[in-house]
Amino acid sequence: MQDFLTAGAILIVGGAAVLVLWRGTRNKQSLSTEAQRVTYETLHTAWSAAPPLRAGLVPDAAKKSARHLRTLLDTPALALTDETEVVAWEGVSDHHSADAMSQAEDVFLTGRTQAFDIGCAEPNCPINCAVVAPLTVEGRVVGTLAAYSREASAGLVRATNQVARWAAGQLELAELDRSRTRLVEAEVRALRAQISPHFIYNSLSAIASYVRTNPERARTLLLDFADFTRYSFRRHGDFTTLAEELKSIDQYLALERARFGERLKVTLQVAPEVLPVTVPFLCLQPLVENAVRHGMEGKVEPGHIQIHAADSGAEAEITIEDDGIGMDPEKLRRTLAGQVDESAGIGLGNIDERLRRVYGDEYGLVVETACGLGTKITVRVPKYHAGINGM
C-alpha cells in the first residue's frame, strides 16, 4: 500500500473546527487506528482547555488553558493576550513574550490572522516565527492566540486559525454565562423594586400602631420586619431552600396579619420532607404577596390564603390559593408572555421565566383564575437538579 507521510482531518470541537495532523501511517487499517487515537487525544485536550477558557482571558485561567492549546498545536510556545497585555505564555523561550503585544497590534486592527518572521539572537532558540490569530467575540477582537515555531508553514497557519476560532467560541460562551447571571440579578432586583415600597410603608405603619398599645407585639413585628428585609435584600446566591423561603413568607404574613387583623386568614400546610428542596430565590414570596393583594382588595369579609407544599415523588409541589377577586385571564396571558402588566400580578411573568430557564418549560407557573373566583398558582420543582445548590 502507498505510504501516507502526512494525513489530516478537521474535527468539530465545541462548535468550531480544529485541524488535526498525524504522520507515519502505512495502510488503511493503520490509518483508521491512528485517526481514532488522535481524534480521542485531540477531543480530550480540547475539552481540558474549555473550562478555564469559560472563565475568560484572566491570567490564572489563561495559563491553564494555554497549556492545553499548545498541546493541540504542538508548538514550542504559545501566548494568549487580551486587549492590553500578555495574560499567558506557555512553553520555551519566554524572552519572546515581551514582543507579543506589538505583534498583536495588526491583528487587533484587521481582525485577520498574521504571520511574523521574528528571528532570534540566541543560537539554540527553537522560535523563528509567530502566527497570531484573533479571538473574536460578538464581532469584536477581544484578544489573540499566538503560536510560536521554527517556521510558519501553511498547516500551522490553518491550525492556529482554527484553534483560535474554537477558543473564541468558548470565550463567547463565557460572556453568555455572565450575561445570564446579570439577567438573573436584574430580575431579582426588579422583584425587590416591586415588592419593597408597598410592603415597607404598610409594615412600618402597622408596627407604629402597636408601639403604645402593645409594645411587645411591636417589638416582635419589628424583628420579623428586620429578618424579612435582610433575607429579601441579601446579595449572595440565586437559590435558597424551601425552608428559608417559607420562613420568609411566614414573617411577611405576620406583618400583613398585623395590618389586616382578623380580615386575613392563612392556612399553611408543609410536608417536612420537602423543606430541604432547593428553589430559586424569591420565587414564592411575590406570589404570596400577590395573593394577599388580590385576596383582600375590595373585600369586606375576611380573605383566606392557603399555602401547601407537598411531596410529589421526584418533585415538590407548592400551591398558593386565595379566594379574592381573581384575574382577567387575558391580562394573565399577556403577563406570562412577557407583556408587563403589574395589575395582573406582582412578578408573575418574571417568576415564570426564571422557573422555565432553570428547570425547563414544563416547570413554568400553572395559574387557575377567573374574575371574582380567586386564584390558585401551582409551582413544581424537582427535588434534585444538576448544577443547583441551595445556598
Side-chain angles (χ1 to χ4, degrees), residues 15 50-51 54-56 170 172-195 231-249 252 270-271 273-291 307-321 332-342 344-368 375-391:
R54 294 285 289 272
Q170 300 305 307
E172 199 152 26
L173 289 174
E175 179 59 32
L176 181 62
D177 287 342
R178 287 191 288 271
S179 297
R180 185 181 294 112
T181 299
R182 289 193 293 267
L183 178 60
V184 169
E185 291 172 349
E187 289 172 339
V188 173
R189 287 196 298 271
L191 282 175
R192 288 167 174 160
Q194 290 183 65
I195 296 165
Y231 173 82
S232 297
F233 290 93
R234 74 178 194 180
R235 293 186 176 275
H236 68 279
D238 297 329
F239 298 91
T240 187
T241 62
L242 183 56
E244 288 294 319
E245 190 83 352
L246 289 174
K247 178 183 177 183
S248 174
I249 287 170
Y252 165 78
V270 179
E273 54 268 35
V274 301
L275 290 175
V277 172
T278 298
V279 297
F281 178 60
L282 282 185
C283 74
L284 298 178
Q285 193 278 338
L287 302 180
V288 175
E289 179 170 351
N290 194 64
I307 302 171
H308 299 267
D311 187 352
S312 182
E315 300 172 341
E317 183 174 287
I318 304 103
T319 61
I320 299 165
E321 184 173 5
L332 175 64
R333 185 196 65 77
R334 290 198 301 269
T335 298
L336 294 179
Q339 302 171 25
V340 177
D341 186 346
E342 187 177 336
I346 298 171
L348 287 182
N350 180 311
I351 296 167
D352 180 66
E353 174 62 25
R354 289 170 65 205
L355 290 169
R356 292 177 187 275
R357 187 184 303 123
V358 172
Y359 301 116
D361 283 340
E362 65 272 28
Y363 286 99
L365 294 178
V366 176
V367 184
E368 303 170 55
T375 302
K376 179 179 179 180
I377 299 177
T378 301
V379 178
R380 293 183 303 111
V381 295
K383 288 183 183 175
Y384 309 101
H385 193 77
I388 294 178
N389 296 311
M391 301 302 287

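Nothing fancy with the numbering, it's 1 onward along the sequence. Please read all numbers here as calculations on a predicted model, not as lab measurements.
- Between Ile351 and Pro286 the shortest heavy-atom distance is CD1-CB, 3.7 Å.
- The nearest pair of heavy atoms linking Leu275 to Thr241 is O-CB, 3.9 Å.
- The two residues Leu242 and Ala309 come nearest to each other via the heavy atoms CD2-CB, 4.2 Å.
- Between the CD1 atom in Ile249 and the CD atom in Glu244 there is a gap of 11.5 Å [rounded to 0.5 Å].
- Under the 3.5 Å distance criterion, the side-chain polar atoms of Asp352 are left unmatched by any main-chain donor or acceptor of Gly364.
- In this structure, CG on Leu282 lies 10.5 Å from CG on Leu287, to the nearest 0.5 angstrom.
- With contacts defined as side-chain heavy-atom distances shorter than 4.5 Å, the pair Ile307/Leu284 does not qualify.
- In this structure, Val358 and Val381 have side chains that are not in contact, with every pair of non-hydrogen atoms separated by 4.5 Å or more.
- Taking each heavy atom of Ala271 and Ala310 in turn, the nearest pair found is CB-CA, 4.3 Å.
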Under 3.5 Å, side-chain donor or acceptor atoms of residues 312-321 against the rest of the protein: list the pairs with distances, not counting sequence neighbours.
residue	atom	partner	partner atom	Å
Glu315	OE1	Arg380	NH1	2.9
Glu315	OE2	Tyr363	OH	2.7
Glu315	OE2	Arg380	NH1	2.8

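- You'll find the side chain of Glu245 reaches within 4.5 Å of the side chain of Tyr231, heavy atoms only.
- Here the closest heavy-atom approach between residue Tyr359 and residue Val279 is recorded as OH-CA, 3.9 Å.
- Heavy-atom neighbours of Lys247 NZ from other residues, nucleotides or ligands within 6.0 Å: at or below the threshold of 12.
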**Message:** Does Thr375 form a side chain to side chain contact (heavy atoms under 4.5 Å, CB included) with Val367? I'd like the steps, not just the answer.
**Reply:** CA-CA 7 Å; Thr375 302; Val367 184; 4.0 Å; yes
